[in-house]
Each structure stands twice: as structure tokens, then as C-alpha cells.
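Okay, so here's the structure we're looking at.
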Amino acid sequence: MKRLLAVLGALFLAAALVFAFSTVDPTDSEAVTSGGYVKTCRGASLYLNAYEKRTLHLHNNARASRGLRPLCVNSKLTRAARAHSREMMDRDYLSHNSYNGETYSARLRRFGYTRLPSGENITWGSGSYASPDSRFASWMNSSPHRANILYGRYDEVGIGTASGTFRGYRGAVTYTVDFGNRP
């Protein structure tokens, strides 16, 4: 019995050491398929839902593969992006301008973001086309959207999504990605 306890104790200790010293690679793990907190550009924490977090991951992978620095999350850009995605979902339209005609740059200023240059990508999808991977692939196959994603002066981002029924499609997601740069 003592020997069994010693063996079990040794196995438990070995498992604990492996767990303690292993690193999780967020590029391959489940961590990027679920929501969670990320560090902002200023070092605070901000919660991103699963679609927002995966979208950030896809942007940063594309940038890293081309030698560009990763985008950090800006809370003002995130609030603006989330508000725009929610408005597009609720009012059933897709445009860079707000429903009342406000431009994306005016919207960013309204949320307290005044730095230039700035840019915006928007999209929507339903079913399998609502996934971040599908929407990101669509952006990368579009020259103006890809240019925003890979623009070297952009180093911060806000990502917002909203889910619901859009243009008659249930299970739809609208996406807004706002880009900017730190001073």
C-alpha cells in the first residue's frame, strides 16, 4: 500500500511539474477559440468575446507572417467598434457610416480616439460564413481590406462583433475592426 501511494504521489508530482513548466501556444490552442481577457495597449485587461479574440489572433498572425508588429487592443477603438457592430445589427444595415450619416472617423472621435491615420474594416456573415476565419479570409481577398490589416503604421486595434438576425438571416454576426496608431 505504501508503495502504491509512493507511485501515485510520484505520478502526481510529475504531472504537476509538466503542467507548471509547460507553455500554452495560443496560436494552436483552444485559448483562441473562446473569449477571454487580453492586455490593452496601456497594459490593462479587456474582455473580448470568442469572435473578437479570434479576429485579433488572425490579424496578428497575418501581420507576423509578414514581419509586422502585432496590433494591441485599444479600449476606445474597441468601444467604437462594438457600438458600430451593434448599431448595424439592430438597424439592419452595413456601412462605414453610422445610421445617422456620421463617418467612421467622426465616430472614433466621439469615442475619444483622435489619432491619425485610422482605418476601418466591416463585414457580416451567417451560418459558417459568420465565423472569424471566414470573414478574415474575405478581408484578405479584398485589396483595400488587406491593406488595412497589413498597414505598417497601424499598431492598435478595436474589434467589435454583434450577433442576431441580420437581413433576414438568423445566427448572423456583424464585425467592425477599427485601426489606429499610438503616438
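Worth knowing before you read on, the calculation uses all heavy atoms, side chains too, and leaves out hydrogens, waters and symmetry mates.
In this structure Arg146 satisfies the side chain to side chain donor-acceptor pair (under 3.5 Å) test together with Ser143, sequence neighbours excluded. Taking Ser45 as the reference, nothing meets the side chain to side chain donor-acceptor pair (under 3.5 Å) condition, with sequence neighbours excluded. Ser163 pairs by the side chain to side chain donor-acceptor pair (under 3.5 Å) definition with nothing, not counting sequence neighbours. In this structure Asn141 satisfies the side-chain contact (heavy atoms from CB on, under 4.5 Å) test with no other residue, sequence neighbours excluded. Ser131 is linked by a side-chain contact (heavy atoms from CB on, under 4.5 Å) to Asp133, Ser134, counting only residues two or more places apart in sequence or in another chain. Legend: residues meeting side chain to side chain donor-acceptor pair (under 3.5 Å) with Arg110, ordered by chain and number and at least two apart, are Glu102. Every residue two or more places apart in sequence or in another chain that forms a side-chain contact (heavy atoms from CB on, under 4.5 Å) with Arg115 is listed here: Asn74, Tyr113, Glu156, Asn181, Pro183. For Leu94, the side-chain contact (heavy atoms from CB on, under 4.5 Å) partners are Met88, Ile122, Trp124, Phe166, Arg167, not counting sequence neighbours.
Among residues at least two apart or in separate chains, there is no disulfide (SG to SG under 2.5 Å) pair with a member in residues 85-115. For residues 62-153, every residue pair satisfying the disulfide (SG to SG under 2.5 Å) rule, not counting sequence neighbours, is listed here: Cys41-Cys72. Within the structure, side chain to side chain donor-acceptor pair (under 3.5 Å) contacts touching residues 77-87 (residues at least two apart or in different chains) are Glu52-Arg82, His84-Arg107, Ser85-Thr176, Arg86-Asp90, Glu87-Tyr93.
Side-chain contact between Tyr47 and Lys53: absent, with no pair of heavy atoms (C-beta onward) separated by less than 4.5 Å. A heavy-atom distance below 4.5 Å is found between the side chains of Pro117 and Arg153.
Here the straight-line distance linking atom CG of Asn61 with atom CZ of Arg63 works out to 12.0 Å at 0.5 Å rounding.
Panel note: side chain Asn121, backbone His145; a donor-acceptor pair is recorded below 3.5 Å. The main-chain N or O of Asn100 is never found under 3.5 Å from a side-chain atom of Ser98 such that the two would form a donor-acceptor pair. Judged purely by atom type and a 3.5 angstrom limit, Thr40 uses its side chain to pair as donor or acceptor with the backbone of Ala44.
With side-chain heavy atoms closer than 4.5 Å counting as contact, directly or through intermediates, the hydrophobic cluster containing Ile159 also holds Val38, Leu46, Leu48, Tyr51, Leu56, Leu58, Leu68, Leu71, Val73, Phe136, Trp139, Met140, Ile149, Leu150, Tyr151, Tyr154, Val157, Val173, Tyr175, Val177, Phe179.
For the 3.5 Å distance criterion, the side chains of Thr114 and Arg109 fail to qualify, holding no donor opposite an acceptor.
Minimum heavy-atom separation, Ala130 to Gly171: CB-O, 3.9 Å.
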Would you please test Ser118 and Tyr104 for side-chain contact (heavy atoms from CB on, under 4.5 Å) and show each step? CA-CA 9 Å; Ser118 63; Tyr104 88 88; 3.6 Å; yes
